[in-house]
Amino acid sequence: MALLHILLFAATARAFYLPGAAPHNFKEGDPVPLFVNALTPMLTGSDNAKLKSLINYDYYNPNFKFCEPDGGPQKQPESLGSILFGDRIFNSPYDIKMLENNGTCQTLCTQHDVSGEDAKFINDRIREDYALNWLIDGLPAAEMKLDTRNGDLFFDMGFNLGNDEEPFSEQKPALNNHYEIVLRYHSPAAGNYRVVGVLVWPSSVGGPQDGPATCDTTNSNPLVLTETQTQTIRYTYRVTWNESDTPWATRWDNYLKIFDPRIHWFSLINSLVIVVFLCIMVSMILLRSVSRDISRYNAIDLSEDVQEDWGWKLVHGEVFRTPSRPMILSVMVGNGSQLCAMVGVTLVFALLGFLSPSNRGSLATVMMICWTFFGSIGGYLSSRVYASLGGTERRKNAFVTATVLPTIIFTIVFLLDLFLIGAGSSGAVPFGTMLFIIILWFGISAPLSAVGGYFGSKHGVWISISFRSCLIISRPSNIPSASIKSPAKFPQHPNTFVRWRQLLLAGILPFGAAFVELYFVLSSLFASRAYYAFGFLALTAGIVGLTTATVSILFTYFCLCAEEYRWHWRAFLTGGGSAFWLLAYGLFFWASRLSLHSMSSAILYLGYLFLLVTFDFLITGTIGFLASYWAVRRLYSAIRID
Ligand SMILES: *[C@@H]1O[C@H](CO)[C@@H](O)[C@H](O)[C@H]1NC(C)=O
Ligand SMILES: *[C@@H]1O[C@H](CO)[C@@H](O)[C@H](O)[C@H]1NC(C)=O
């Protein structure tokens with residue numbers, strides 16, 4: 001209960017700051033640099049708005065014709081995770097100095113040679129609801145919006161490139177060429193100023209684009225670009241400095257608003273109900289039938305010659321028989337546990353507040369580093385499971401564990417990259433970063449995995465010696481043994497349809513525990529909405545893990561009761577069954593929240609969804625398998641075998 005309290009506190013606490021991240025103090029007149037990030041498609045306004053694209057564009061993409069700084073744009077250093085998640089940060093020509101030029105209309109530049117082709121490109125991006133992403137002192141520029149549910153004001157990161165909405169129905173799409181920038185500052189001591197809020201109101205100022213700028217947004221028509229001739233665009237801006245009593249430490253609070261926490265609570269309670277229901281069911285089954293079975297099995301008079309085993313006891317000689325394809329199974333368990341450890345540690349970091357949003361990309365960076373170093377866990381578990389399943393090609397197992405999954409992921413990411421490059425997007429991972437990731441994976445993760453595999457095979461078979469059935473474990477299944485009943489004796493269950501139905505049924509419970517939270521995760525992944533309800537996410541992840549484990553144990557038990565001894569793959573697939581539902585939900589999300597116009601966006605979405613589903617399958621499958629393995633060992637070590 002205390003743990004729950006801590007987690008819930010973390011979920012609502014406003015402590016998302018990297019300990020030690022120092023505030024930047026400005027003096028009056030100090031330059032306050034404005035950085036520009038890639039343009040991203042945005043979910044606008046109304047609740048049923050749909051995301052129209054998944055492709056990011058560089059701010060200095062030549063078609064946009066945005067004003068460039070003297071000497072050309074300079075790329076800013078970024079973290080690995082930040083690059084992977086599509087940040088491309090450059091400097092800009094905006095001339096902003098602390099507390100200077102308050103309320104003055106300034107011209108950024110006038111672009112004279114905007115061709116019809118450029119205009120078409122810009123108009124298409126406006127129709128797709130693209131947003132500009134600026135950064136000042138680490139804070140994203142935001143539009144202030146009203147939460148209609150409770151009347152709260154909040155900052156919505158990013159602001160529109162243009163306007164394609166109703167008020168401009170006669171003249172659209174209108175390009176925003178004037179920016180009202182309101183910078184909120186806080187003064188902790190006389191003469192020291194800190195930026196604590198960045199708000200931008202973009203607007204479209206039409207009329208003649210030459211001559212002195214007035215920044216008059218009220219009396220002018222919007223600027224609509226014609227796609228047939230060359231034209232001029234004047235970009236203007238006005239900076240207003242507003243004093244604020246928000247201290248630096250809480251400046252992110254306005255940005256990190258949890259929309260309607262009631263939905264998260266609802267999701268959590270929904271999940272808890274499922275888990276409680278399951279736990280009661282499993283413990284009832286285990287307590288009643290298993291203990292009854294055990295006492296019945298053990299009470300049989302040994303002196304009786306004609307004694308017949310039944311139920312799960314009948315298959316006791318077979319349950320630890322080598323399943324088909326032990327190599328693939330153990331590699332998947334190894335990779336799944338590597339991912340599992342990565343997700344777990346990342347969530348702990350997020351809960352402790354280490355993944356501050358001002359530290360851009362820290363989430364993805366931590367995930368990459370965890371993945372790299374948990375190669376050792378993957379190798380260790382893979383080789384131990386492989387040994388326990390009776391596999392003999394240990395070197396091959398270590399090699400496959402270390403290389404196959406990274407290669408598959410890498411190939412998919414590479415192919416998606418080609419699509420991004422083809423679509424002229426800036427989201428493609430740069431070559432240097434690709435190289436760095438290859439070095440991380442194949443230079444650090446793979447050797448660690450091999451080391452883990454070495455220790456795993458040294459520790460060897462994973463079962464207590466006191467249990468007699470272990471004698472048959474290390475024996476390959478093709479060696480006949482007088483003491484083992486022939487598998488042919490048992491009823492075969494060739495009905496694969498039943499099996500699939502079972503898997504779908506099993507997957508629906510863990511999925512049901514997570515689907516509300518899943519909506520927020522998908523929205524933040526694809527619609528670049530910030531996600532920070534990590535407390536809720538961690539609890540949901542824990543509940544999903546628990547549900548997966550109990551469901552797998554339950555189904556394995558049913559399977560053994562039906563005298564079907566080939567439970568290994570079933571346990572893995574039962575655990576991974578929720579991946580199917582995730583896939584279905586991803587397609588539903590596409591249908592309901594996205595309206596992708598371009599082929600490359602659709603392929604990107606499917607590619608990312610496929611990766612997500614694969615990860616989920618490996619993680620939940622591993623949980624299902626390991627939990628069932630544990631339960632089977634417990635079950636069969638409780639009966640007396642003669
Ligand atoms: C800047 O101007 C706004 C109104 O135009 C005013 O409220 C604000 O106090 C001014 N800020 C400074 C630092 O003078
Ligand atoms: C800035 O300050 C002025 C005057 O105090 C106020 O009218 C205006 O709403 C403020 N702007 C923002 C964005 O807070």
Side-chain angles (χ1 to χ4, degrees), residues 3 7 10 80-81 84 329-352 354-355 362-388 397-398 400-410 437 440-459 462 510 514 521 534-535 537-549 552 571-572 575-576 578-579 582 611-630:
L3 182 70
L7 289 177
L80 175 65
L84 285 181
L329 184 59
S330 58
V331 167
M332 284 184 6
V333 170
N335 284 324
S337 51
Q338 186 176 356
L339 287 167
C340 220
M342 172 189 91
V343 170
V345 170
T346 310
L347 278 177
V348 168
F349 268 103
L351 273 182
L352 295 180
F354 282 102
L355 305 183
S362 50
L363 183 75
T365 310
V366 167
M367 280 172 105
M368 287 296 296
I369 292 173
C370 284
W371 163 271
T372 306
F373 285 98
F374 290 155
S376 50
I377 296 182
Y380 179 82
L381 270 177
S382 172
S383 83
R384 281 207 81 175
V385 168
Y386 186 63
S388 307
N397 171 264
V400 173
T401 308
T403 52
V404 169
L405 185 66
T407 310
I408 292 176
I409 297 175
F410 198 79
I437 294 172
L440 270 191
W441 280 3
F442 296 100
I444 300 181
S445 182
L448 279 179
S449 171
V451 171
Y454 171 74
F455 281 105
S457 56
K458 231 171 109 177
H459 290 175
W462 198 359
V521 175
F534 287 115
L537 186 65
L539 271 181
T540 309
I543 289 172
V544 168
L546 216 61
T547 321
T548 307
S552 306
F572 193 93
S578 56
L582 177 62
L611 282 182
L612 208 63
V613 167
T614 309
F615 292 158
D616 178 64
F617 178 67
L618 289 177
I619 292 176
T620 50
T622 300
I623 294 175
F625 177 80
L626 292 179
S628 301
Y629 201 101
W630 172 82

- prompt: In terms of ring plane angle, is the pair Trp441 and Phe410 parallel, tilted or perpendicular, where the classes change at 30° and 60°?
  reply: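 The rings of Trp441 and Phe410 stand perpendicular, inter-plane angle above 60°.
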Under 4.5 Å between any side-chain heavy atoms of [X] and [Y], yes or no?
| X | Y | answer |
| --- | --- | --- |
| Thr407 | Phe442 | yes |
| Met332 | Leu618 | yes |
| Ser388 | Tyr629 | yes |
| Val400 | Tyr386 | no |
| Ser376 | Val451 | no |
| Val544 | Ser578 | no |
| Ser552 | Ile623 | no |
| Val385 | Phe625 | yes |

Sidechain-backbone polar pair: [X] side chain, [Y] backbone, donor-acceptor under 3.5 Å:
| X | Y | value |
| --- | --- | --- |
| Ser457 | Tyr454 | yes |
| Thr372 | Leu440 | no |
| Gln338 | Ile377 | no |
| Thr547 | Pro510 | no |

Can you name the nearest heavy-atom pair linking [X] to [Y], along with the distance?
| X | Y | value |
| --- | --- | --- |
| Ser449 | Thr401 | OG-CG2, 4.2 Å |
| Ser382 | Gly334 | CB-CA, 3.8 Å |
| Thr622 | Gly336 | OG1-CA, 3.2 Å |
| Thr346 | Cys370 | OG1-SG, 4.3 Å |
| Ala538 | Leu351 | CB-CD1, 3.7 Å |
| Ser383 | Gly453 | OG-O, 3.0 Å |

If I take atom [atom1] from residue [X] and atom [atom2] from residue [Y], how far apart are they, to the nearest 0.5 angstrom?
| X | Y | atom1 | atom2 | result |
| --- | --- | --- | --- | --- |
| Ile409 | Ile437 | CD1 | CD1 | 11.0 Å |
| Leu80 | Leu84 | CG | CG | 4.5 Å |
| Leu352 | Leu347 | CG | CG | 10.5 Å |

field: Atom CZ of Phe349 with >12 non-hydrogen neighbours under 6.0 angstrom
entry: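 Counting other residues, nucleotides and ligands, CZ of Phe349 stays at 12 neighbours or fewer.
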message: Taking the ring of Phe617 and the ring of Phe572, is the distance between their centroids below 6.0 Å?
response: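 Yes, the ring centres sit under 6.0 Å apart.
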task: Can you sort out the partners of Ala364 under side chain to side chain contact (heavy atoms under 4.5 Å, CB included), two or more places apart, ordered by chain and number?
output: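 Counting only residues at least two positions away or on another chain, Ala364 forms a side chain to side chain contact (heavy atoms under 4.5 Å, CB included) with Phe85.
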field: Option from Val345, Leu339, Val366 for which side-chain contact (heavy atoms from CB on, under 4.5 Å) with Trp371 holds
entry: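 Single side-chain contact (heavy atoms from CB on, under 4.5 Å) partner of Trp371 among Val345, Leu339, Val366: Leu339.
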